[in-house]
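Numbered from 1 within each chain, the chains take letters A, B, ... in sequence-line order.
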There are 2 protein chains.
Amino acid sequence: MATKSWLTQLQDNGYRLTGARRAIVEIIADSRRALTPVEVYDAARDQYPALGLVTVYRTLEKLEELGLIQRVHQPKGCQAFITAGKGHQHLLLCNKCGRTTLFDGDDIDQFIKSVAKKTGYRITEHWLQLFGLCEDCK
Amino acid sequence: MATKSWLTQLQDNGYRLTGARRAIVEIIADSRRALTPVEVYDAARDQYPALGLVTVYRTLEKLEELGLIQRVHQPKGCQAFITAGKGHQHLLLCNKCGRTTLFDGDDIDQFIKSVAKKTGYRITEHWLQLFGLCEDCK
DNA sequence: ATGATATTGAAAATCATTTTCAATTATAAA
DNA sequence: TTTATAATTGAAAATGATTTTCAATATCAT
Ligand SMILES: [Mn+2]
Ligand SMILES: [Mn+2]
Ligand SMILES: [Zn+2]
Ligand SMILES: [Zn+2]
C-alpha cells in the first residue's frame, strides 16, 4: 500500500534501505488493525527471517518520528501502532476484529467550546476514540 | 476528601483496613492530578514510611476494580490514576500543571450518529479527552 | 570497487510489574 | 480480652517489555 512512499521517506531522511526495514514497513502499512511490536516481529519474519525484535523497536521509533505511524491507546494496552492519518483525525475501533479506521469529518467544536466556557480551560487539542463493531462484524 | 467513603467501600467488599491502604487512598483521593504508582508510593510514605511499592500496585488494582479510580491515558504514558467519575465522563487535562477535570454535560451523540452512518460501524462507546490549559495556568 | 558509517542481531542491562513466601496484623469468634 | 483464622504485608525473586552495548555486516556515496 503505502510501503513505497514510506521507504522513500525513510531514505529522504537519511535512513538506509534494508531488508529488515522493508519487511517491517510492509507489514504495518498493509495492516488494517493496530499491531504490537511482537506482532510486527512475528509477521515480518515470514519475509525476513533473520529479523531481530530490537530492529522492530528501532524502526517503529523512526516511523513514529516521521509521522508515518501512530500509537493506539486501548483498554488492553497502549503499545500498538497503525498507519497515521494526515492532520487531525479521530479513531474508530472494532471490538471484535480489531479493525481500526481513521476519520475526520464534522468536528465537535461546538461541544468543545461549551466545555471551555463551562470549565474555564483553554482547550487546544482533543483525542476522540469510538469503539464498536465494524460493518463486517456487526 | 472521598477518603472515608473509599475506606468504607473497601471494608464493605471484604477488604481489611490497614495503615498502608489508608495512606494510599488518602493520597489519590486528595490529588487533583493523575498519579503514577511510584508517585503514590513516594507521597504515601510520608504518612506511612514502611509502605512497600508492591502494596501500592495491589491497592491500585483493588480501587480500580471497585471503580473508585480510573487510568488516564496521556502522550507521556498510560500508568497514571485519578479519582473515577460516576457514569460516563470526559476528561480535561492541563498541559502545564497536570490538573485533571472530569465532566459530563451535553454529549456528542449527534456527531457519533453521523459517523456511524458514514462508516457503517455500530458505535457503542467512546473516549474523549480534551487537552489545554486550566484556569490557573492559562 | 572502496571506504565511511549506518544498521544489524545477540546478549546484557535496565525498568516496570507480578509472583512467591514467611512474618505480621486485622478482624470475627469465643 | 484473648484467641484463632485468614487477609495483608514487604522483601526478594521472577517475569516481561524495552533499551543499551558491541562487534560484525551491509548500504550507499564516491
Ligand atoms: Mn476532532
Ligand atoms: Mn461522551
Ligand atoms: Zn470488526
Ligand atoms: Zn493547570
Student: Give B/Y48 one of three labels, base, sugar-phosphate or nothing, depending on what nucleic acid heavy atoms sit under 4.0 Å from its own.
Tutor: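 The residue B/Y48 makes sugar-phosphate contact but no base contact.
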Student: Any side-chain heavy-atom pair from A/R22 and A/L7 closer than 4.5 angstrom?
Tutor: yes
Student: Rounded to whole Å, how long is the line connecting atom CG of A/L35 with atom P of D/dA17?
Tutor: 16 Å
Student: Using a cut-off of less than 4.0 Å, is there contact between a side-chain N or O of A/Q11 and OP1 or OP2 of D/dT27?
Tutor: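 Checking D/dT27 against A/Q11, no side-chain N or O comes under 4.0 Å of OP1 or OP2.
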Student: Taking the side chain of A/V54 as its heavy atoms from C-beta onward, which of C/dT7, C/dT25, C/dA10 lies nearest to it?
Tutor: C/dA10
Student: Counting neighbours of CZ on A/R71 that are heavy atoms of other residues, nucleotides or ligands and sit closer than 6.0 Å, is the number greater than 12?
Tutor: yes
Student: In whole angstroms, how far is the P atom of C/dA10 from the OH atom of A/Y41?
Tutor: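 Nearest whole value for this atom pair: 7 Å.
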Student: Please report the distance, rounded to the nearest Å, between CG in B/L51 and P in D/dA11.
Tutor: 9 Å
Student: Nearest-Å distance, CG (A/L17) to C1' (C/dT8)?
Tutor: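 Roughly 15 Å, once rounded to whole Å.
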Student: Atom CD in A/Q70, atom CG in A/L91: separation rounded to 0.5 Å?
Tutor: 6.5 Å
Student: If I take atom CZ in residue A/R16 and atom P in nucleotide D/dT27, what distance separates them, rounded to the nearest angstrom?
Tutor: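 Distance check: A/R16 CZ to D/dT27 P gives 9 Å.
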Student: Tell me whether B/K96 is salt-bridged to B/D136, with the criterion being a basic N under 4.0 Å from an acidic carboxylate O.
Tutor: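 Salt bridge flag = no for B/D136 with B/K96.
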Student: Please confirm whether the shortest side-chain N or O distance from A/T18 to OP1 or OP2 of C/dT8 is below 4.0 Å.
Tutor: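 For C/dT8, OP1 or OP2 has a side-chain N or O of A/T18 closer than 4.0 Å.
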Student: From NZ of A/K76 over to P of D/dG16, roughly how many Å is that when rounded to an integer?
Tutor: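 Rounded to whole Å, this separation is 18 Å.
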Student: Between A/Y15 and B/E61, who's closer to the 5' end of DNA chain C by nearest nucleotide?
Tutor: A/Y15
Student: May I ask you to decide if the ring planes of A/H90 and A/F103 are parallel, tilted or perpendicular, using 30° and 60° as cut-offs?
Tutor: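 Rings of A/H90 and A/F103: perpendicular, over 60°.
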Student: Figure out the CG/C1' separation between B/D12 and C/dT27, and round it to whole Å.
Tutor: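 B/D12 atom CG is separated from C/dT27 atom C1' by 15 Å.
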Student: Quick check on D/dT9: is either OP1 or OP2 less than 4.0 Å from any side-chain nitrogen or oxygen of B/R21?
Tutor: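 So the side-chain polar atoms of B/R21 do come within 4.0 Å of the phosphate oxygens OP1 or OP2 of D/dT9, strictly under.
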Student: Among D/dT9, C/dA10, C/dT7, which nucleotide sits nearest the side chain of A/R58?
Tutor: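 Per side-chain heavy atoms of A/R58, the pick is C/dA10.
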Student: Rounded to whole Å, please give me the gap between CD in B/E39 and P in C/dC15.
Tutor: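 From B/E39 CD to C/dC15 P: 17 Å.
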